[in-house]
Engineer: 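Got a structure here, written out as structure tokens. Questions coming.
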Amino acid sequence: MPIPTPFHSRTSTLCTSMKWKDWAGFHAVCSYRTHHEPEYFAFRHAAGLIDVSPLFKYEVYGPGAAAFLSELTVKDIKKLKIGRVTYLCWCDDDGKVVDDGTIARLAKTHFRMTAAEPSLSWFDRSRRQHDVTIEDSTARFGALALQGPNSREILSQVTDTDIASLKFFAIRQASLDGADVWISRTGYTGDLGYEIWIERDEALRVYDALTDAGRDYGLLPAGLDALDVARLEAGFIMNGVDYFSAHHCLTEERKSSPFELGLGWTVKLDRDPFVGHTALRREKKAGAKRLLVGLDIDWGELESVFAGYGLPPELSTEAWRDGRPVYDGSDRWIGQATSGAWSPTLKKNLALAQIEASFAKPGSTVRIELTAEYRRHRVTARVLEPPFYNPARKRA
Amino acid sequence: MSAARAGRYDAVIIGGGHNGLVCAAYLARAGRRVLVLERRHVLGGASVTEELCPGFQFSVCSYVVSLFRPSIIRDLDLARHGMEIIPLETAFTPQLEGPGLCRWADGARTRREISRFSPHDAEIYPEFSLTMTKMGQLVRHIIDGPAPDPTSFRPRELARLLELGNLFRKAGPDAIHMNMKLLTMSAVDFLDMWFESDTLKAPMSVSGIIGTFLGVRSPGTAYVLLHHYMGEIDGAFRSWGYSKGGTGGLSLACARAAESLGAEIRTEAPVARVLLENGRATGVVLENGDEIQAAKVISSCDPRLTFLGLVGRDNLDGEFVGSIERYKLRGSSGKVNLAVDRLPRFRGREGTEFLRGDIAIAPSIDYLERAYDQAKYGEFSSRPYINVVIPSIMDPSVAPPGQHIISMFVQYAPYDIKEGAENWPSKREAFGDAVVATLAEYCPGLEESILYRQVLTPWDLEQEFGLSEGNIFQGELSLEQLLFQRPAAGWSRYKTPVKDLWMCGSGTHPGGGIMGASGQLAAAAILAVGE
């Protein structure tokens, strides 16, 4: 049975739709009202406030912390400066992705790591000789994501720090309405945004301060349905949806390498050995067999499929994640689209897919399965390189 | 290299409204050398954003987007060029007593709201929507192509008629009967077939009269109800939306698309007249005397301004001049835009959730009909129908934090007031006062919150935006002026009696609203003819 997050007394009052789901053992709001679209549009035109407390959080302390994290993950964390955050993944010995998340360097010997899955045991097993202490701080902290073009102005109203100087992927300690918080210039929407990390006792005070400050800026509480559309536009993959952790796969086929997931850019090979190093070096040389791509599903063809049944195109406003097969021009199976959504901003029907590398060049076309009136069809999709949505303010 | 120096343009387009810009983009995409000339300092025509007072971005004229063609968005990649649409979420009709009626995206909630007035209507409401959606599907085919021409026996025309006939035949006799009713009945009579609640019918009926000089009980007004059910803002059938940053944002996206495809655009370049040689359009003369040569001249202005203004009666056949003179413009609406320092508080309803859409001051059918009565005899309605939107709630970028824009479309404000249209300026503020007083009856304290007020009468729409008689659709969307008769019988295909002079504005099929269809279809017609 899921348990409440530190913000539950506020979110449960606001969530009039009663649409909740289990996110990593916590109650999480899907959408506050019956339709999530206003929350999505708040991300893109005003600001949305999401309770992201269920994210797994780990504190890594000690003189060996940087070396340990460099060995655990695909990046050389020794190079990460204090006050910076980095996004990366970590693999098993075969170079298959276990999880993806962020690492923030809060002090010389103190890092905070986020993960989609419980990871304490894996980190502990990988610790070996390193002089580190690892703490699961998931329950100790509440976390909020404040995302959208007005997020900076809202946050400026309630903190003592110069928010404008907090650069993309920077993190800083600050006082928010008197509460000690960590604020990072990060998020999962592909927009201007921040994440705020708070000791649970101070959580409600921070929530109320942000809500009050947001009133004049169009701030809405936002749930996971809106976030799912925004993250697809941003081209962000999701563990358990777009790939499966190597720790949960019964077959080798199901596992993915960072290169196959479009995370090759996070892998730094020219350095001391790390978990999966040898396998990843080999794969880099040989080239990945599958690649993660974006798909733009042809609207004209989709429309004619529905028109064949006398119907206007029927598309959910919610993102889908039930997986759809992808074929080449001669109906040979070449991979799968793992999640997708109609992009209200880009006016495109988008999907993330893993397909054979030879079809992954942007501009090439594939066929994707589409169900209309209970029957299966195939329509053309054009390969795009994510992110689909990439406004200048995302990095501002 | 300046295109002008290199030789004449393939096409010069008069007017930088959304249709002119869409037309320019399509022509440029086909490799034509195009120049757009806009009289004002800003692009957009009636789809324009202006910062009338510091920090407030007003959608001065048109204020919501609904029927903009999805194919244009895709063809011109308008999202990449900055087009962003934020959907409206509610439709609220306040009453002087009680909480009024709010319709929501949430069907069950809407049903409960309507039940307070009529449990019967609450259940019929979704059935009505379904029927109208079906009809909208049929009519959509007419919007997405040139007007079918029943007088022609050319195979292509006959094939198109047959195709439309087949669609209706497939839809069945009920659809045909329903279509006949929609074409002939008044909005109120049509709604009476379904509903009993005046509170529900009044705000629904107004979509039948917007931009026309007719009342909700006038025959022929039912048809325009359909447009409400054809709203598609992104391919999927949906309702209405705000253009981010105001409706000018959409025009600017069209302009950027056109420019990226090679079109040239000039503002503050008013055209004085169309250059003619041996009955053929060869370019334009600007008000400053400059001549611009072009193989084709395309006017996005309304038919009256185009033919009687820019071409001139003397250069046209008498019969054609007559039909243009009889073309009904007779603007019937005005616009009042407010900057306010707080959100309005409505009687009988707490909070702001019901303000995330449009607000109709249409408390009863009699109220609407009385508003029309005054207009019939040359007065503006002292208690008009008002369509209110507060775009700054969902698009905070258009107003300073905590402050808001209230945009009001007001009907009736007849162009021909009994003092004479040219005397509108002396009535302007009285008209503005009546509008504000009307809304203030529902939102006490409104007056005190006003920081700035702009009042646009039909006269202003004509003088400032070049809309003859202040008609927002460049000609009434009444049945006798639609389809193959828009703007004149036999001239619905963007061509004109003047060789090489074409039309691409709302005064052509399908006309009206921020659709872009006229610009798109005109470009297709021009390209089909070739050089």
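Because the structure is predicted, anything quoted here is derived from the model rather than measured. Lettering follows sequence order; numbering is per chain, from 1.
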Engineer: Taking atom CZ as the centre, does R395(A) end up with more than 12 heavy-atom neighbours from other residues, nucleotides or ligands that are less than 6.0 angstrom away?
Structural biologist: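 It does not: R395(A) CZ has 12 such atoms or fewer within range.
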Engineer: Would a 4.5 Å heavy-atom cut-off, applied to side chains only, mark E89(B) and H35(A) as touching?
Structural biologist: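 No - every pair of side-chain heavy atoms lies 4.5 Å or more apart.
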Engineer: Calculate, to the nearest 0.5 Å, the distance between atoms CG and CE belonging to L346(A) and M83(B) respectively.
Structural biologist: 9.5 Å
Engineer: Considering only heavy atoms, which portion of R33(A) lies under 4.5 Å from any heavy atom of chain B: side chain, backbone, both, or neither?
Structural biologist: side chain
Engineer: Does atom CZ (R349(B)) have a neighbourhood of more than 12 heavy atoms from anything else shown, all under 6.0 Å?
Structural biologist: yes
Engineer: More than 12 heavy atoms of other residues, nucleotides or ligands under 6.0 Å from NZ of K134(B): yes or no?
Structural biologist: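 Counting neighbours around NZ of K134(B), 12 or fewer heavy atoms of other residues, nucleotides or ligands fall under 6.0 Å, so no.
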Engineer: Once side-chain hydrogen bond (donor to acceptor under 3.5 Å, both in side chains) is applied, do any residues pair with T345(A), and if so which ones, sequence neighbours excluded?
Structural biologist: Y40(A)
Engineer: Find the distance between OG1 (T16(A)) and CZ (R109(B)) and round it off to the nearest 0.5 Å.
Structural biologist: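 These two atoms lie 7.0 Å from each other.
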Engineer: Quick one, K244(B) with H45(A), criterion side chain to side chain contact (heavy atoms under 4.5 Å, CB included). Give me CA distance, side-chain angles, the key distance, then yes/no.
Structural biologist: CA-CA 8 Å; K244(B) 161 95 166 174; H45(A) 299 284; 3.1 Å; yes
Engineer: Set out, in order, the CA-CA distance, both residues' side-chain angles and the distance that settles side chain to side chain contact (heavy atoms under 4.5 Å, CB included) for K348(A) and I73(B), then state yes or no.
Structural biologist: CA-CA 10 Å; K348(A) 284 189 162 88; I73(B) 299 174; over 6 Å; no
Engineer: So what's closer than 4.5 Å to chain A heavy atoms on Q403(B): side chain, backbone, both or neither?
Structural biologist: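 For Q403(B), no heavy atom lies under 4.5 Å from chain A.
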Engineer: Might you confirm whether atom CD of E448(B) has over 12 heavy atoms from other residues, nucleotides or ligands at distances under 6.0 Å?
Structural biologist: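 Check passes, neighbour count above 12.
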Engineer: Please look at L302(A) and chain B and tell me whether the side chain, the backbone, both or neither of the residue comes under 4.5 angstrom of a heavy atom of that chain.
Structural biologist: neither
Engineer: By a 4.5 Å heavy-atom criterion (distance strictly below it), what part of R356(B) contacts chain A: side chain, backbone, both, or neither?
Structural biologist: side chain
Engineer: Counting only heavy atoms not in E385(A), do more than 12 sit closer than 6.0 Å to its CD atom?
Structural biologist: no
Engineer: Minimum heavy-atom separation for Y217(A) to P396(B), with atom names?
Structural biologist: O-CG, 3.7 Å
Engineer: What is the minimum heavy-atom distance between I85(B) and F41(A), and which atoms define it?
Structural biologist: O-CE2, 3.2 Å
